[in-house]
Each structure stands twice: as structure tokens, then as C-alpha cells.
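So that the names make sense, note that chain A is the first sequence line, chain B the second, and so on, each numbered from 1.
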2 protein chains.
Amino acid sequence: MLMQTIRTNSTPVPGRPQFGTFETGLFASAAELSGMSLSYGRDEEIYGEGEDAEFVYKVASGAVRTYKLMRDGRRQIGEFHLAGDFFGFDIGGRHHLTAEAVIDSKVLVFKRRQVEAVVAHNLDAARELWLMTANHLQHAEDHMLLLGRKTARERLAAFLLEMDARNGDTGLIELPMLRRDIADYLGLTLETVSRSFSELQCEGVVELDGARHVTLRKRAMLEAMGA
Amino acid sequence: MLMQTIRTNSTPVPGRPQFGTFETGLFASAAELSGMSLSYGRDEEIYGEGEDAEFVYKVASGAVRTYKLMRDGRRQIGEFHLAGDFFGFDIGGRHHLTAEAVIDSKVLVFKRRQVEAVVAHNLDAARELWLMTANHLQHAEDHMLLLGRKTARERLAAFLLEMDARNGDTGLIELPMLRRDIADYLGLTLETVSRSFSELQCEGVVELDGARHVTLRKRAMLEAMGA
DNA sequence: CGGCCACTTGATCCGACTCAACCTGCGTGG
DNA sequence: CCACGCAGGTTGAGTCGGATCAAGTGGCCG
């Protein structure tokens, strides 16, 4: 299940497996945990909704989207996972979303059973795990407000601020994902995302240098829209 | 805007505080935890977004909504909490949503510090807490798909199935909340909710007996829409 | 240089929102 | 016990934001 979609444009199992750990802070008390590093090509599936959750993951480099799909193809991306983020901690031993690499990515893979074993006897690790899940929940709560109640411009503004915040609030954003991904994250169509980008640029709120590189020019205006 | 609706027809602090516990299953290993029972009248606030999270709660009877509010009044209800549900476990010591009684409700209140103390030395309790949060996250993931990608009819269908599932899949639903609450939960307007109810009724999918009592007539049809 | 994929832009459409009128059931007081 | 008031709900007419359908454009890679 993990490897079924291995594509020829990637190296799912690198020649020399590298090892990583749950490092500083997260599961620091569980240094015995180590994971193999795997590579996934763009759009390659890491795991699918409904599959056995044998592993949990940490993004080493690149970007991962987790989403739900409807039978007719409608897709809702729940979260983007960037370098340093964990994902795949679903309950009940089954994944409830599908995970795919947005761009070529390296991911650390940990045996779920090992993680559970650690959490089952290590209070600090258990707390870390809870905090991680609680943070995802908080993100989801904010995102529900966005999806249920915000306009297209407000959604894009919030998205740009979120991406910027993840990059240290530099005002310089390099988007790893395509318009379609942004659209499926924000509950819009790609055309509407594109139009909203154009609008913000016309108003001098952001500056686009190609489709992927964004510079925030009027952060206050974005923040006024986002909330 | 938030407080304006506090009404005088309620008894926030009852004359004789009762005591309850985290009972069977949940925090079973932490029998020392006990909470005072409080009563809240309809639309009464239990806690506000941004407030110190001094307590955590369990619904004894009634129904509670937790929601986020925008400055201009747009509201997104994240979840309805019914009898037996816990709520208010926000991280960082602050509540990230507002909680209000949907109807007159009784709620068990627990000191957050006590809960944290238990969780900090009891692995079973820690696991329970994580599971609880992970379940909320799973609900939020489903709800993001609904809010981002589903039509009005599909949203209402999913809502009715969710409410029915909470009542043991009897097909008989007594809704505690008003159209406005349903709308703010589903990311719609109350008019659209009302219209969708009427449509489903015309098609014989549901039967309405007053606005609050719903009987599911064609569950398969609802399920086909909901997913 | 050619081709394609991603993106942008334009024209039209449609589902849900808005605004407004009208029901309906229930509690209350005369 | 009835009439009134009103909160909540339904229904209708018209509007609008974002979706859809359809060209075009741009940039990158081969």
C-alpha cells in the first residue's frame, strides 16, 4: 500500500536508506525512534484514504497535501505539510485522507507500532502527540470558518498570510503548489484563485513574479481581509 | 454582538451544585476527577473565544454549539456537542472558539489544571485525551469537505445522517437547534436550509413534523447524496 | 524552435444569497 | 378561552459571486 504507486520518475526507496529521528522537541524523549527516508515524485501517492495506517511520516523536504476525494472527483485538501511537519497520525489504524507529494519530496517514515509503543509508556511523548493533533484541530477550526464563510479574496488573503507565516513572515513566498491545489485547499476553482491573485496584484497588495513567487506589499490590507 | 443575547431566563449557577465524574471509559482511570454541574439557558455563553481556558466541560443534557465569529457577524459553527460529549479542551490555555448552549443545558465542569495533572501522570488518561482530540479532528476533516465542496442538498443530507447516527440510527430525529444554527454549521443561509428541507420533503426523502422533528424515509437516498 | 502545461482572461451561467412578504404555532394576557 | 404578538419558519423574486465553458497567453523543457 505504501509503495504501490511507485513511479519511475522518483526514487521511493533510495539506494542507501538514510535515517532520521523525531528531533528537537518532538518526541525528544524517544530518541530510539528512527525512520527511513523515502523520496516521492510530484503527485505521487504516499498513502490512500482508507488504507491501513502502518506508518507515520515527517516531511524532510518538499511539500505534501492531504485531502479527501468525492466519487465524482471533487477534492478538498485539508492541509499542506511542509518541511518539518508530521502527518499520517490517523486514529483507528486507518488513514482518513490521501497523502500525495505536491513536488518532489523526501519524507521520513516511522513504524506506527513503534511510535505507539513509545507513546504508550512515555508521558512526554504522549503529550507531544496530543499537542500535534490539537494543533491540527485548531488549524481545521480556522479552515472551517474560511471554507464556510469567507469570500474568494478573503480566502486567498488568509492563504498567503498562512504560507508567509510558515516561512518566517518574510513577505517573500515561494509557493510549491499549483493553482489547482490552492483552489482545492480554499474550496474554490482554479480560475477564481487566478482572478483573485490578479485582483490583489492590481491593487498593489501583492506582487507576482511568475505564478509561484509572491511578494506581500501591503500586509495590513491582507490581514484586514483575512479576519 | 457576542453577549447581546444573554438572557435572563436561565440559571448559570444553580442553587445546589451537583457532582459528576468522567465516567465509564473516558478517564475511567482518573476517578478522582469530579466536576460541578452547571445549568445554562438557551443561547447563554459558556465561554468565549480568546478567554482563559480554566475549565473543560462535558454535556450532561441539552446541546452546545462551539463556533467562530468574524467581526461583521459571520459565524461558523464547528461542532454541536450533545449529551455525553466533552468540549473545551483547547491548547495553549485559551479557548479558540465560543461555546453557547443551544437549548437549556446541564454541563459538568472540570478544572483544567486537575485534568492536566491527571493526564501528566496517567498514560491511559493521556491516550483518552488524544483519542478525543483526534476524533474531533476527524470530524473537522469531514466537515471541511462538506464546507468546501458539497452542494446545499448534500450538506443537509450529511447533517441529517450525522444527527441520526448520534441518536442510534433510529431514523427519528429531534433537532435541538434552529434553522440559523444549522445554516451556520453547514455554511449556508437559513433560507437555503429551509428550502433544502422542503425539497427533501417533496421528494419523500424526509418527513417533517414541525421544524424540529424529522423522520428519515429514504436513507439510501440521503447516503447517496452525503458521500 | 516547437509543444505543452500551467496560468490568465473573457463570456455566460447558475446555485445560493439577499431582501421581502407571508405563514404558523405557541405562549401570554385580557 | 380566545385574540394577539411574535419568534421561527417558509416561500417568492431578484441579484450576485463564483462556477463553468472557452479562448488565449506565457514560460519552460526538450
For the pair made of [atom1] in [X] and [atom2] in [N], what is the distance, rounded to whole Å?
X        : N      : atom1 : atom2 : result
B:Leu200 : D:dG9  : CG    : P     : 16 Å
B:Leu186 : C:dC17 : CG    : C1'   : 15 Å
B:His213 : D:dG9  : NE2   : P     : 16 Å
B:Leu208 : D:dG8  : CG    : C1'   : 14 Å
B:Met177 : D:dA7  : CE    : P     : 22 Å
A:Glu154 : D:dG18 : CD    : C1'   : 14 Å
A:Leu190 : D:dA19 : CG    : P     : 10 Å
B:Arg42  : C:dC26 : CZ    : C1'   : 12 Å

Has the side chain of [X] got a donor or acceptor that lies under 3.5 Å from a partner of the other kind on the base of [N]?
X        : N      : result
B:Arg212 : C:dT24 : no
A:Glu191 : C:dC7  : no
A:Arg195 : D:dT20 : yes

Closer to the 5' end of DNA chain C via nearest nucleotide, is it B:Arg155 or A:Arg180? A:Arg180

Counting the atoms with a prime plus P, OP1 and OP2 as sugar-phosphate, which does A:Ser198 contact under 4.0 Å by heavy atoms, base, sugar-phosphate, or nothing? sugar-phosphate

Give B:Leu188 one of three labels, base, sugar-phosphate or nothing, depending on what nucleic acid heavy atoms sit under 4.0 Å from its own. sugar-phosphate

Side-chain donor-acceptor contact under 3.5 Å, A:His95 with A:Glu49: no

C:dT9, D:dT10, C:dA16: which one has an atom nearest the side-chain heavy atoms of B:Ser194? D:dT10

Looking at the side chain of A:Thr189, which of D:dA19, C:dC17, C:dT8 is the nearest nucleotide? D:dA19

Pair [X] + [Y], salt bridge at N-O below 4.0 Å:
X        : Y       : answer
B:Glu100 : B:Arg65 : yes
B:Asp181 : B:Arg75 : yes
B:Asp184 : B:Lys68 : no
A:Asp52  : A:Arg94 : yes

